[in-house]
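Here is the structure we will look at, set down as structure tokens.
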Amino acid sequence: VFDPFSIQSYKGSYGVSFVEDFFCEINKMNAEKIHFIIDETISRLYKEKLKDCLSSSSVLLIRANEENKSLEKIPLYVKHLIENKIRRHHTLVAIGGGIIQDITAFLSTVLLRGVDWHFYPTTLLAQADSCIGSKSSINACDTKNILGTFLPPKKITIDTQLLETLSDVDFRSGIGEILKIHLIEGKKAFGSVAGEYAMLKRDKKILQKYIYASLKMKKKIIEEDEFDKKTRNILNYGHSFGHAIESSTNYAIPHGIAITLGMDMANYLSLKLGKLDQNNFNRIHEILALNYQGFEKHPIPPETFLTAISKDKKNSDNKLKLILNNNEGRVEITEQENNLFFKNVCCDYFKHIRC
Ligand SMILES: NC(=O)c1ccc[n+]([C@@H]2O[C@H](COP(=O)([O-])OP(=O)(O)OC[C@H]3O[C@@H](n4cnc5c(N)ncnc54)[C@H](O)[C@@H]3O)[C@@H](O)[C@H]2O)c1
Ligand SMILES: [Zn+2]
């Protein structure tokens, strides 16, 4: 078990701790002041372990899907909390992955102008990446993550045992974010995780080591630029491409798999721009391709993809704002003209490289 650490935020600092059995902590909570918001799958899979918590007075079970993470569904959740007499000194406790996190963080910000929340992440993506960084995003008017706030939880408790029930695809989705932060950190860090890629699924200790390392790497970046005005942009490596892949496939490809493909596409563009040589491209492609296995042939309509990427919220004028990797293993914010060259690179990638 790793030492706890804290993250400095505009709201003060908040702690991240690692435990062997977080159900023990959850069941001991003073239920009078707590409102649980739990992934329905977790409540089913861990029914016995969550027995006390599930029988407490305010429990909201939500199926983790994008539809339920929308503004249109928020009134249902607010209604439940009003019926359960929510007060400003109460705490929302989220148990689930990124979807449950986004819903709870959003509600915490706007309910009664702010109530505290605690997070018990249950997916690899949430444990290794999204649990820190203060962001919440909600879908509205058929637009993904269009509404959002910044409010970190008061504390985060991680129990990696929960990951044993995760599907292979959701597991690799989380690995996608681990690969991303290690690529951002540099060649040595990526070399290390790439070398142990096959062991991540097999050896719990090795996986824990990379979850911890990923959070520590992200911590440095978000503490420097919590509100994503400058340097934090680099965390979007693979994400402009990834978000366009998600939306042009109607979210059939999970987030972390889409950004794995997105990083490969960004690197392919770097190759074509002469920023990355063939050896460096291949070195990274080998691991990314392993991680998006099963999605090599998933149809991604190029036209829909290109329309989606040109609408990316980070763009200005006709320029795309992309994060690109170079031969030294450094990622940089780059402006790219949304021109025929760019379109050809993307189409070429879908036809010849994604395999
Ligand atoms: N706020 C942020 O900083 C941030 C960052 C990245 C992603 N996100 C958002 O997070 C969402 C994706 O999150 P996610 O990948 O964690 O997925 P998720 O919350 O959608 O969960 C994925 C699937 O795993 C199931 N699940 C959860 N824990 C499980 C467990 N321990 N065992 C078995 N099944 C389990 C869920 O029921 C669901 O079917 C997206 O909506 C994305 O936009 C938010
Ligand atoms: Zn992401």
Side-chain angles (χ1 to χ4, degrees), residues 7 22-23 37-47 49-50 61-70 73 94-109 117 119-139 143-153 156 158-181 183-184 214-215 218 221-222 226-228 232-243 245-247 251-263 323:
I7 311 277
F22 73 25
F23 295 111
I37 301 183
I38 308 175
D39 179 327
E40 195 185 78
T41 302
I42 292 293
S43 75
R44 197 164 24 83
L45 290 173
Y46 297 90
K47 203 160 116 197
K49 291 194 160 198
L50 279 170
L61 301 182
I62 299 176
R63 189 170 295 177
N65 57 40
E66 291 295 330
E67 203 186 318
N68 286 338
K69 200 189 92 165
S70 66
K73 290 288 169 81
I95 310 173
I99 299 252
I100 300 299
Q101 168 185 357
D102 275 343
I103 295 170
T104 311
F106 184 81
L107 284 170
S108 297
T109 326
W117 72 288
F119 189 26
Y120 293 83
T122 64
T123 60
L124 180 55
L125 184 134
Q127 294 192 352
D129 174 53
S130 70
C131 69
I132 60 171
S134 317
K135 286 187 181 177
S136 79
S137 307
I138 289 286
N139 312 327
T143 308
K144 161 112 168 158
N145 289 351
I146 186 72
L147 302 179
T149 63
F150 281 98
L151 181 72
I156 296 156
I158 297 176
D159 176 356
T160 56
Q161 211 132 288
L162 272 282
L163 305 178
E164 280 165 26
T165 50
L166 216 53
S167 69
D168 175 60
V169 165
D170 284 315
F171 185 82
R172 282 189 284 129
S173 179
I175 298 292
E177 296 283 5
I178 292 181
L179 295 175
K180 180 200 78 175
I181 196 77
L183 277 162
I184 292 172
S214 299
L215 292 174
K218 183 173 174 182
I221 299 169
I222 57 178
E226 187 173 10
F227 296 112
D228 208 358
R232 186 172 173 172
N233 284 190
I234 59 171
L235 291 177
N236 269 312
Y237 178 40
H239 278 62
S240 298
F241 293 96
H243 288 148
I245 291 172
E246 286 182 275
S247 76
Y251 300 91
I253 304 185
H255 178 73
I257 304 277
I259 65 120
T260 304
L261 281 158
M263 290 187 283
I323 315 298

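Numbering of ligands and ligand atoms starts at 1, following listing order.
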Under 6.0 Å from the CD atom of Q161, do we count more than 12 heavy atoms belonging to anything else shown? yes
With heavy atoms under 4.0 Å as the rule, classify the contact between K144 and ligand 1 as side chain, backbone, both or neither. side chain
Does any part of the side chain of I181, heavy atoms only, come nearer than 4.5 Å to the side chain of I221, both counted from C-beta? yes
Does any N or O atom in D102 lie less than 3.5 angstrom from one in ligand 1, N or O only? yes
With a 4.5 Å limit on heavy-atom distance, are the side chains of I62 and I99 in contact? no
If we only count N/O pairs under 3.5 Å, is A126 in contact with ligand 1? no
Heteroatom proximity flag, S173 to ligand 1, N/O under 3.5 Å: no
Nearest protein heavy atom to atom 39 (O) of ligand 1, by residue and atom, and its distance? A64 O, 4.3 Å
Tell me the protein heavy atom at minimum distance from atom 6 (C) of ligand 1, and give that distance in Å. S130 CB, 3.8 Å
Identify the two heavy atoms, one from H255 and one from E246, that lie closest to each other, and give their separation to 0.1 Å. ND1-OE1, 3.1 Å
Below 4.0 Å, non-hydrogen atoms only: which portion of I42 touches ligand 1? Side chain, backbone, both or neither. side chain
Among all protein non-hydrogen atoms, which one is nearest to atom 28 (N) of ligand 1, and what is the separation to 0.1 Å? T122 OG1, 2.8 Å
Ligand 1 contact by E40, heavy-atom criterion under 4.0 angstrom: no
Can you find an N/O atom of H255 closer than 3.5 Å to an N/O atom of ligand 1? no
Between I156 and I7, is any pair of side-chain heavy atoms under 4.5 Å apart? no
Are any of the N/O atoms in S167 less than 3.5 Å from those in ligand 1? no
Among protein heavy atoms, which lies nearest atom 24 (O) of ligand 1, and at what distance? D170 OD2, 3.4 Å
Matching residue for T149 among S136, S137, S134 - test: side chain to side chain donor-acceptor pair (under 3.5 Å): S136
Identity and separation of the nearest protein heavy atom to atom 12 (C) of ligand 1: G98 CA, 4.2 Å
Before you tell me yes or no, could you show the steps for T165 and Y46 under side-chain hydrogen bond (donor to acceptor under 3.5 Å, both in side chains), namely the whole-Å CA-CA distance, both residues' side-chain angles and the distance that decides it to 0.1 Å? CA-CA 10 Å; T165 50; Y46 297 90; 2.6 Å; yes
Close N or O approach (I99, ligand 1; < 3.5 Å): yes
Quick test: of every protein heavy atom, which one is nearest to atom 36 (C) of ligand 1, and how far off is it to 0.1 Å? D39 OD2, 3.1 Å
Donor-acceptor contact present, side-chain Q127 to main-chain P121, <3.5 Å: yes
What distance do S214 atom OG and I178 atom CD1 have between them, rounded to the nearest 0.5 Å? 4.5 Å
N145 vs I138 side-chain heavy atoms within contact, under 4.5 Å: no
Nearest heavy-atom contact between L166 and L124 is CD2-N, 3.5 Å
Closest non-hydrogen atom pair, T123 against G97: OG1-CA, 3.5 Å
Could you tell me how the ring of F119 sits relative to the ring of W117: parallel (under 30°), tilted (30 to 60°) or perpendicular (over 60°)? tilted
Ligand 1 atoms in contact with L45 (distance to a heavy atom under 4.0 Å): 32 (N), 33 (C)
Heavy-atom donor-acceptor pair, S173 side chain to V169 backbone, under 3.5 Å: no
Heavy atoms only: which of V169, L166, N68, I222 is nearest to atom 34 (N) of ligand 1? L166
Would you please test L45 and L162 for side chain to side chain contact (heavy atoms under 4.5 Å, CB included) and show each step? CA-CA 10 Å; L45 290 173; L162 272 282; over 6 Å; no
Atom 40 (C) of ligand 1 [closest protein heavy-atom partner, distance rounded to 0.1 Å]: E66 OE2, 3.4 Å
Below 4.0 Å from ligand 1: does a non-hydrogen atom of E164 turn up there or not? no
Ligand 1 to S136 polar contact by distance, N or O atoms, under 3.5 Å: no
Nearest-0.5 Å distance, CD1 of residue I132 to CD1 of residue I222: 4.0 Å
Ligand 1 atoms nearer than 4.0 angstrom to some heavy atom of G97 are 16 (O), 19 (O)
Quick look: T165 vs ligand 1, heavy-atom contacts under 4.0 Å, and the answer is both
Check E177 against ligand 1 and report side chain, backbone, both or neither, counting heavy atoms closer than 4.0 Å. neither
Nearest protein heavy atom to atom 21 (O) of ligand 1, by residue and atom, and its distance? T123 CG2, 3.7 Å
Any N or O on S137 sitting closer than 3.5 Å to an N or O of ligand 1? no
N/O/S from D129 sitting under 2.8 Å away from the Zn ion (ligand 2): no
Looking only at non-hydrogen atoms, the one of L125, I257, I259 nearest atom 7 (C) of ligand 1 is L125
Between NE2 of H239 and OE2 of E177, what angle is found at the Zn ion (ligand 2), rounded to 10 degrees? 120°
One residue to check: T41. Relative to ligand 1, which of side chain, backbone, both or neither has a non-hydrogen atom less than 4.0 Å away? side chain
Using side-chain heavy atoms (C-beta onward) and a distance below 4.5 Å, is I323 in contact with I184? no
Atoms of ligand 1 less than 4.0 Å from N145 heavy atoms? 43 (O)
